[in-house]
Amino acid sequence: MKNKKSSETAEGVAAYRARESIRSENDRVIYDPYAMLLIGNKWKKLLNNAIYRLIMALIGKFKYPGFYYSIMARIRFMNECIKECFPGDYTQMVILGAGYDMSAYCFRDILSNAKVFEVDHPNTQKEKLSKINKYVKNIPDNITYVPVDFETGNLKESLVKNGYAPSEKTLFLWEGVTYYLEKESVEQTLQFVVNNSAEGSKLAFDFFPPEVIDGTSTERLGKEMYNLVKNLGEPYKFGIKEDDIDSFLKKHHFTDIHKCSSREVRDTHFHGDNKKRKVSRLFNFVIATT
Ligand SMILES: C[S@@+](CC[C@H](N)C(=O)[O-])C[C@H]1O[C@@H](n2cnc3c(N)ncnc32)[C@H](O)[C@@H]1O
């Protein structure tokens with residue numbers, strides 16, 4: 001990320017969350033009533049106008065085929081992970097690279113007995129907190145915000161200092177983040193999770209194949225995503241082939257590894273007209289156990 005800047009890709013995902021949350025209850029894939037509050041005025045203006053929404057959908061369909069609904073699938077996958085673990089014997093949830101993710105608020109009922117830690121780059125977290133303080137009422141008191149740069153900071157030290165207990169059963173969400181980190185930081189984060197959580201803890205994340213990261217993807221969406229994030233100053237850095245994710249996670253002592261494609265999420269959780277929506281095979285998700 002460029003110096004001092006909050007993440008624009010995070011704001012983009014929030015705008016997508018806001019877009020989907022405008023749809024009727026019968027149609028939408030996810031619902032996040034906070035997203036609209038957190039995005040900038042430029043996005044608000046576009047999303048609150050039906051004609052602009054239509055134009056954006058058309059541009060998206062042709063320039064970024066499958067992008068919007070793959071992100072919906074990714075968010076829904078993460079939401080299902082939360083619902084699987086809480087309430088239950090998980091006592092902590094850590095959102096790594098939280099951006100404008102408001103799961104801690106949207107799922108406040110099932111998370112009421114858990115501690116939630118939102119970890120993010122200091123620039124993005126500062127911007128999110130200023131928006132929350134301005135626009136959001138009834139902030140749950142079980143959330144702790146922990147600013148950390150994954151590339152230069154000490155995740156363990158920062159979390160523990162803020163009340164994270166390495167002995168407790170924890171769900172870690174790492175959505176839309178791995179590809180923005182160097183391989184070394186990805187591996188350090190995996191090691192942190194394995195070494196600092198109770199056995200049976202879970203980590204859910206998504207990843208892209210190497211050809212998306214280095215711009216050699218032959219798919220239109222792969223090429224466009226590469227250009228988009230590069231132009232935003234948040235270039236991709238880490239990728240891994242779908243076939244290698246099992247061995248990569250096993251090398252880091254994870255077990256019970258479940259992969260899930262955006263297509264599987266669509267087929268299981270999208271309904272009505274959305275069942276036919278295009279999702280991209282470039283979007284894959286995984287949940288693994290410590
Ligand atoms: C595409 S956004 C995803 C945000 C959020 N997880 C979501 O799904 O809405 C990428 C996130 O990764 C964070 N990030 C990128 N590089 C980081 C770093 N070196 N340290 C900490 N966070 C980082 C950004 O601040 C941003 O919040």
Side-chain angles (χ1 to χ4, degrees), residues 1-21 29-32 34-39 43 64 67-68 70-82 93-107 116-132 145-159 171-189 192 203-208 212-213 225-226 228-238 262 265 283 285:
M1 260 182 299
K2 283 179 191 157
N3 274 350
K4 302 274 177 215
K5 244 183 79 176
S6 61
S7 167
E8 284 190 53
T9 59
E11 194 188 1
V13 180
Y16 275 21
R17 285 194 174 96
R19 167 66 191 96
E20 190 65 9
S21 303
V29 177
I30 59 117
Y31 181 59
D32 176 353
Y34 301 96
M36 189 63 93
L37 302 172
L38 303 189
I39 55 179
W43 276 113
Y64 303 101
F67 189 50
Y68 177 88
S70 299
I71 289 186
M72 287 308 116
R74 183 177 86 191
I75 299 168
R76 183 62 185 255
F77 174 80
M78 298 292 163
N79 288 353
E80 292 301 314
C81 293
I82 297 173
M93 182 165 94
V94 178
I95 311 179
L96 297 164
Y100 300 94
D101 179 342
M102 293 292 275
S103 300
Y105 293 68
C106 297
F107 293 102
V116 180
F117 299 89
E118 286 202 14
V119 180
D120 205 353
H121 192 284
N123 298 349
T124 312
Q125 192 165 88
K126 193 171 160 212
E127 181 67 20
K128 179 181 192 176
L129 282 172
S130 79
K131 296 270 176 62
I132 286 180
Y145 292 92
V146 184
V148 180
D149 184 333
F150 293 126
E151 311 270 29
T152 56
N154 186 322
L155 184 55
K156 178 177 178 183
E157 208 178 278
S158 308
L159 270 169
L171 171 66
F172 296 86
L173 301 175
W174 203 14
E175 178 186 353
V177 187
T178 57
Y179 21 87
Y180 297 108
L181 306 177
E182 298 292 351
K183 184 174 184 208
E184 202 189 3
S185 306
V186 170
E187 298 204 298
Q188 276 169 5
T189 306
F192 162 76
L203 168 68
F205 67 97
D206 63 310
F207 55 95
F208 287 140
V212 170
I213 305 310
M225 290 195 309
Y226 171 85
L228 177 71
V229 297
K230 196 170 145 217
N231 292 336
L232 289 174
E234 299 175 45
Y236 292 142
K237 297 176 180 167
F238 169 79
S262 48
V265 178
F283 280 72
F285 324 121

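Keep in mind that this is a model prediction, so the values were computed, not measured. Whatever order the structure lists them in is the order used to number ligands and atoms, beginning at 1.
Under the side-chain contact (heavy atoms from CB on, under 4.5 Å) criterion, Val229 pairs with Thr9, Tyr180, Tyr236, sequence neighbours left out.
When the heavy atoms of Leu96, Asp32, Asp149, Thr9 are ranked by distance to atom 18 (C) of ligand 1, first place goes to Asp149.
At a heavy-atom cutoff of 4.0 Å, ligand 1 is contacted by both the backbone and the side chain of Ala10. At a heavy-atom distance under 4.0 Å, only backbone atoms of Ala98 (N, CA, C or O) approach ligand 1.
Applying the 4.0 Å criterion to heavy atoms of Gly176 picks out, from ligand 1, the atoms 1 (C), 2 (S), 3 (C), 10 (C). Within ligand 1, counting atoms from 1 as listed, the ones closer than 4.0 Å to a heavy atom of Gly97 are 4 (C), 5 (C), 6 (N), 11 (C), 27 (O). Distances below 4.0 Å separate heavy atoms of Leu181 from the following atoms of ligand 1: 16 (N), 17 (C), 18 (C), 19 (N). Those atoms of ligand 1 that come under 4.0 Å of a heavy atom in Val177, given as number and element, are 12 (O). Here is the list of ligand 1 atoms found below 4.0 Å of a heavy atom in Arg17: 7 (C), 8 (O), 9 (O). The distance from ligand 1 to the heavy atoms of Glu175 drops below 4.0 Å at these ligand atoms: 3 (C), 5 (C), 6 (N), 8 (O). Of all atoms in ligand 1, numbered sequentially from 1 with element shown, those under 4.0 Å from a heavy atom of Val13 are 9 (O).
The shortest non-hydrogen separation linking Ser185 to Thr189 is O-OG1, 2.7 Å. Taking each heavy atom of Ile30 and Met72 in turn, the nearest pair found is CG1-SD, 3.7 Å. The heavy-atom pair separating Ile39 from Glu11 by the smallest distance is C-OE2, 3.7 Å.
Listed for the Tyr68 side chain is a donor-acceptor partner under 3.5 Å among the backbone atoms of Glu20. Using a distance-only test at 3.5 Å, with no hydrogens or angles considered, no donor-acceptor pair links the side chain of Ser262 to the main chain of Arg74. At least one donor-acceptor pair closer than 3.5 Å links the side chain of Ser21 to the backbone N or O of Asp32.
Considering both main-chain and side-chain atoms, Asp120 comes within under 3.5 Å of ligand 1 through a nitrogen or oxygen pair. For the pair Asp101 and ligand 1, the shortest N or O to N or O distance does not fall below 3.5 Å.
One finds a salt bridge joining Glu151 and Lys237 here, because a Lys/Arg side-chain nitrogen approaches an Asp/Glu carboxylate oxygen to under 4.0 Å.
Within a 6.0 Å radius of NZ in Lys131, more than 12 heavy atoms belonging to other residues, nucleotides or ligands are found.
In this structure, Val148 counts as a contact residue of ligand 1, since one of its heavy atoms falls inside 4.0 Å of the ligand.
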